[in-house]
Amino acid sequence: MSKGLVIVISAPSGGGKGTILKKLFESDDNLTLSVSATTRAPRPGEENGVQYYFVTKEEFSEMLEKGEILEHAEFCDNYYGTPKAPVVELTEKGKDVVLEIEVKGGAQIKKLIPDCVSIFITPVSLEVLEKRLRNRGTETEDAILKRLATAKVELKEAHNYDYIVVNDKLEDAVEDVKSILRAEKLRYIRNKENLDSSLGI
Ligand code: ADP
Ligand code: 5GP
């Protein structure tokens with residue numbers, strides 16, 4: 001059985017990662033989301049262990065010290081990190097695992113796992129990004145301004161990613177991500193062992 005893909009998805013806050021991923025998860029049973037640990041407070045409706053593991057700064061440091069975190073970064077005054085064990089276990093079982101993470105974490109994963117598939121989702125413009133972030137209504141004014149300032153820095157990191165998907169029309173962006181994953185699964189290098197064992201090629 002082939003190992004599952006490690007898929008890094010990054011976008012500036014409000015770029016549409018969550019919305020696009022929700023659609024992908026509805027149509028692909030083999031896809032699983034890596035649940036990150038974060039020190040930020042839960043938003044209304046968010047549950048511990050579902051969107052994130054909500055932890056204190058002390059608990060986060062402890063996880064880091066124990067080597068339980070694959071990558072981590074500080075983002076807008078909070079820490080975020082990917083728990084290592086589930087990523088290893090799920091990909092070994094052939095599951096494709098999505099890491100929905102910001103750009104510093106994305107760079108760490110590309111170094112650690114060079115054959116990961118990295119996708120950067122961009123808005124069509126900063127104006128559209130601001131509008132979407134404000135319409136979402138989940139952040140305070142202060143947090144919106146911080147996230148927009150961070151977005152400008154993050155957009156400059158797009159060149160480090162394998163693929164760019166522009167999130168203009170949602171359905172098109174979802175189809176673009178699906179096409180990327182489909183093509184990645186067909187790469188020779190990911191099918192070599194199966195070819196060897198079944199056809200002796
Ligand atoms: P992220 O997870 O990257 O922070 P979200 O998925 O929460 O971003 O999207 C931010 C807001 O923009 C949400 O309110 C979402 O409904 C909206 N949105 C996302 N993609 C589109 C799109 N293609 N067209 C219109 N609105 C969108
Ligand atoms: P939010 O607070 O909006 O949920 O997330 C803020 C940012 O942190 C987003 O860009 C999100 O992708 C990123 N993020 C979430 N989990 C992780 C993680 O485990 N590691 C890193 N590096 N970034 C993360």
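One-based numbering, in listed order, for ligands and for the atoms of each.
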Judged on heavy-atom distance to atom 5 (O) of ligand 2, which of Phe75, Tyr52, Tyr53 sits nearest?
Tyr52
For Phe120 and Pro12, which heavy atoms make the closest approach, and how far apart are they?
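Closest heavy-atom pair between Phe120 and Pro12: CZ-CD, 4.0 Å.
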To the nearest 0.1 Å, how far is [atom] from its closest protein heavy atom, and which atom is that?
atom	result
atom 20 (N) of ligand 2	Glu71 OE2, 2.7 Å
atom 16 (N) of ligand 2	Ser36 OG, 3.1 Å
atom 13 (C) of ligand 2	Glu102 N, 3.6 Å
atom 12 (O) of ligand 2	Glu100 O, 3.2 Å

I need the atoms of ligand 2 closer than 4.0 Å to a non-hydrogen atom of Gly105, numbered in the order shown.
22 (N)
Number the atoms of ligand 2 from 1 as they appear, then name those within less than 4.0 Å of a heavy atom of Ala73, with their elements.
22 (N)
Is the number of heavy atoms from other residues, nucleotides or ligands under 6.0 Å of Asp196 CG greater than 12?
yes
For ligand 2, indicate whether the residue [X] contacts it via side chain, backbone, both or neither (heavy-atom separation under 4.0 Å).
X	value
Lys104	neither
Gln108	neither
Gln51	neither

Check for me, please, whether Leu90 and Leu33 land in the same ILVMFWY cluster - side-chain distances under 4.5 Å, paths through other members count.
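In one cluster with Leu90: Leu33, no.
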Quick one: ligand 1 N/O to protein N/O pairs below 3.5 Å?
| unit_1 | atom_1 | unit_2 | atom_2 | d |
| --- | --- | --- | --- | --- |
| ligand 1 | 2 (O) | Gly18 | N | 2.9 |
| ligand 1 | 3 (O) | Gly15 | N | 3.3 |
| ligand 1 | 3 (O) | Gly16 | N | 2.9 |
| ligand 1 | 3 (O) | Lys17 | N | 2.9 |
| ligand 1 | 3 (O) | Lys17 | NZ | 3.0 |
| ligand 1 | 4 (O) | Gly14 | N | 2.8 |
| ligand 1 | 4 (O) | Arg136 | NH1 | 2.8 |
| ligand 1 | 6 (O) | Gly18 | N | 3.4 |
| ligand 1 | 6 (O) | Thr19 | N | 2.8 |
| ligand 1 | 6 (O) | Thr19 | OG1 | 2.5 |
| ligand 1 | 7 (O) | Arg136 | NH1 | 2.8 |
| ligand 1 | 8 (O) | Gly16 | N | 3.1 |
| ligand 1 | 20 (N) | Asn167 | ND2 | 3.0 |
| ligand 1 | 23 (N) | Asn167 | OD1 | 2.8 |
| ligand 1 | 23 (N) | Asp168 | O | 2.9 |
| ligand 1 | 23 (N) | Leu170 | N | 3.4 |
| ligand 1 | 24 (N) | Arg132 | NH2 | 3.2 |

Without placing hydrogens or testing angles, list every side-chain donor-acceptor pair under 3.5 Å for residues 13-20, not counting sequence neighbours.
| unit_1 | atom_1 | unit_2 | atom_2 | d |
| --- | --- | --- | --- | --- |
| Ser13 | OG | Arg147 | NH1 | 2.8 |
| Lys17 | NZ | Ala11 | O | 3.0 |

Look at the side chain of Thr38 and the backbone N and O of Tyr79, then say whether any donor-acceptor pair between them is shorter than 3.5 Å.
yes
